[in-house]
Every structure is written in structure tokens, then in C-alpha cells.
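Remarks on the structure that follows.
Just so it is clear, the values below take in all heavy atoms, side chains as well, and ignore hydrogens, waters and symmetry mates. In what follows, residues are counted from 1 in the order of the sequence shown.
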Amino acid sequence: MTITTTTEATTTAATATAAAAALHSDAIAPKEEPKRVICKRCYLLEHRSASQTSPQFLRATQQYASLEFLRTKQHPLVVVVLDIADLPFSLPRLPINSGARLILAANKVDLLPERARRHEQRIRDWIVQHVKQQGIPTSQIRHVSLLSATKGWGVQGLLRKIDEERLPTDDVYFVGATNVGKSALVNQIISQQRVSDKKRFRITSSPAPGTTMGTIRIPLHAV
């Protein structure tokens with residue numbers, strides 16, 4: 001009887017110890033992030049800045065997204081991403097209606113000389129003048145953000161302005177010419193937010209023109 005009791009007690013104690021160890025292991029084990037699966041084209045773009053897809057093929061198969069749908073939106077909130085080192089050529093031709101609300105996101109300010117960056121308001125006024133030359137009234141321009149998607153400068157300020165302008169039912173449209181840094185900016189925004197599965201929403205970004213094909217939709221809770 002004693003042996004049986006001792007055996008049962010030992011077994012119970014061992015089971016309890018194993019259970020506690022398992023609970024402790026679960027508590028301290030780092031949570032594995034879901035792996036990001038990408039296609040061959042994205043891999044070549046990210047790691048070699050090269051693509052086997054020609055611009056002619058993309059145009060022939062209508063892979064380049066049209067922005068004409070913005071004309072049909074009532075008071076859309078549009079973030080126009082531009083390359084501050086390539087004005088006015090990095091300003092896209094925007095097919096927008098008179099009710100559109102524009103936030104200008106001037107990317108790559110880190111490329112400007114340090115002395116120039118001290119005159120932020122003069123830089124903003126200069127950007128607005130270029131936009132006005134496209135026939136867009138200043139009343140539609142809600143804000144001009146100076147930022148660097150690479151270094152993360154000004155990203156939080158941009159997000160605050162978006163939150164101020166965005167209505168509960170609003171989508172936010174990031175548009176811009178080739179290689180102005182749209183994907184890099186969205187990736188930087190996601191990286192600065194408290195999102196558990198950041199890799200899931202990460203966009204392929206590379207120096208190769210035409211990296212992004214079509215329209216990419218990202219839920220607002222990720223940003």
C-alpha cells in the first residue's frame with residue numbers, strides 16, 4: 001500500500017511539475033511571427049532591384065492602375081506623395097474632383113541640405129506653388145508634410161494630419177508618380193504602429209521603377 005501510494009504521489013508530483021513547466025514554457029516562449037511569402041518577382045525586386053517584367057507587358061495587360069475612379073468619389077481624402085528632390089516632375093496628374101481633400105507628402109527631405117531644411121515654411125509654399133500650376137486650388141490642399149520614408153522623419157506628423165481630416169467612413173488614398181517612395185512610406189507607417197502581424201501588410205519596395213502593380217489595399221487598423 002505504501003509503495004502504491006508513493007508511486008501515485010510521485011506520478012502526480014511529476015505530472016504537476018511537467019504541467020507547470022509547460023505553462024512556464026508557454027509563458028516565456030517568444031511568439032512566432034507569421035512568415036511572409038512573396039513571389040519570384042517580388043524577391044528579385046527586393047534583393048536584386050531587378051524585374052523580369054517589362055513595362056510593355058504591364059501596360060499591355062493593364063497592370064498599371066488607373067486613378068480615374070477618384071473622379072467618382074465624393075470628397076476623397078488623398079495623400080499625394082511626391083519626391084521633393086524631383087519637383088515638378090514627380091507631381092502626378094491627378095484626376096480628382098473639386099471636392100477632394102489633399103494632403104501633400106513631400107518625401108526624401110533628408111536629401112536636402114541641412115541649411116535648406118531650416119526653412120520648412122518656405123519649402124511648403126514652394127511645393128504649393130507647383131501644385132497650383134496644375135490647376136488645383138489651394139482650398140483643396142489641407143496640409144503639406146515634409147518627411148523621409150527612409151529615416152522615418154515626419155511620419156507621425158503626417159498620421160496626425162490624416163486622423164484630423166479623416167471621417168469615420170473615409171478611405172485614404174496614397175497616390176504618386178513612379179519611385180517617389182509610396183511603398184516605402186506605407187512600410188514606414190506600418191513599422192511605427194503597434195501591429196502584431198506587420199510582415200503581413202508589408203509592401204514590396206525597391207529602387208526599380210514600376211515595382212508596385214495595380215492598387216494595394218491595406219486595412220486602416222494596420223496603420
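Considering CG of D86 and NZ of K108, their distance stands at 7.5 Å, rounded to 0.5 Å. Rounding to the nearest 0.5 Å gives a distance of 10.5 Å between CZ of R117 and CD1 of I84. Taken from OG in S98 to CZ in R71, the straight-line distance is 11.5 Å, to the nearest 0.5 Å. Here the CD atom belonging to Q133 is positioned 9.5 Å from the CG atom belonging to L91, to the nearest 0.5 angstrom.
The backbone N or O of I103 lies less than 3.5 Å from no partner atom in the side chain of H143, so there is not a single donor-acceptor pair. Judged by distance alone, the side chain of K182 and the main-chain N or O of A177 form a donor-acceptor pair under 3.5 Å. Between the side chain of Q140 and the backbone N or O of N97 there is at least one donor-acceptor pair closer than 3.5 Å. Side chain of D125 to main chain of V128: no donor-acceptor pair is present (N/O by atom type, distance under 3.5 Å, no hydrogens or angles).
Taking each heavy atom of S90 and L82 in turn, the nearest pair found is OG-CB, 3.9 Å. Closest of all the heavy-atom pairs between W153 and L147 is O-CB, 3.0 Å. The shortest non-hydrogen separation linking S148 to V155 is O-CG2, 4.4 Å. Of all the heavy atoms in G176 and P92, the pair that sits closest is CA-CG, 4.0 Å. For the residue pair P76 and K73, the shortest heavy atom distance occurs at CD-O, 3.4 Å.
Within the 4.5 Å cutoff, side-chain heavy atoms of Q156 are placed close to those of L159. Two residues are said to be in side-chain contact when any heavy atoms from C-beta on lie closer than 4.5 Å; I127 and L146 meet this criterion.
The existence of a salt bridge linking E164 and R160 is excluded, since no basic side-chain nitrogen approaches an acidic carboxylate oxygen closer than 4.0 Å.
Sorted by first then second residue, the salt bridge (Lys or Arg N to Asp or Glu O under 4.0 Å) pairs that include residues 146-157, not counting sequence neighbours, number zero.
Of the candidates N107, V180, L158, L185 forms a side-chain contact (heavy atoms from CB on, under 4.5 Å) with just one, namely L158. The residue from I141, D170, V79 that alone fulfils the side-chain contact (heavy atoms from CB on, under 4.5 Å) condition with R101 is D170.
Residue Q121 qualifies as enclosed at atom CD: its count of foreign heavy atoms under 6.0 Å is above 12.
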Step-by-step side chain to side chain contact (heavy atoms under 4.5 Å, CB included) determination, I123 to L112: CA-CA 11 Å; I123 295 174; L112 297 180; 4.0 Å; yes
V144 vs W126, side chain to side chain contact (heavy atoms under 4.5 Å, CB included): CA-CA, chis, key distance, verdict: CA-CA 11 Å; V144 180; W126 173 65; over 6 Å; no
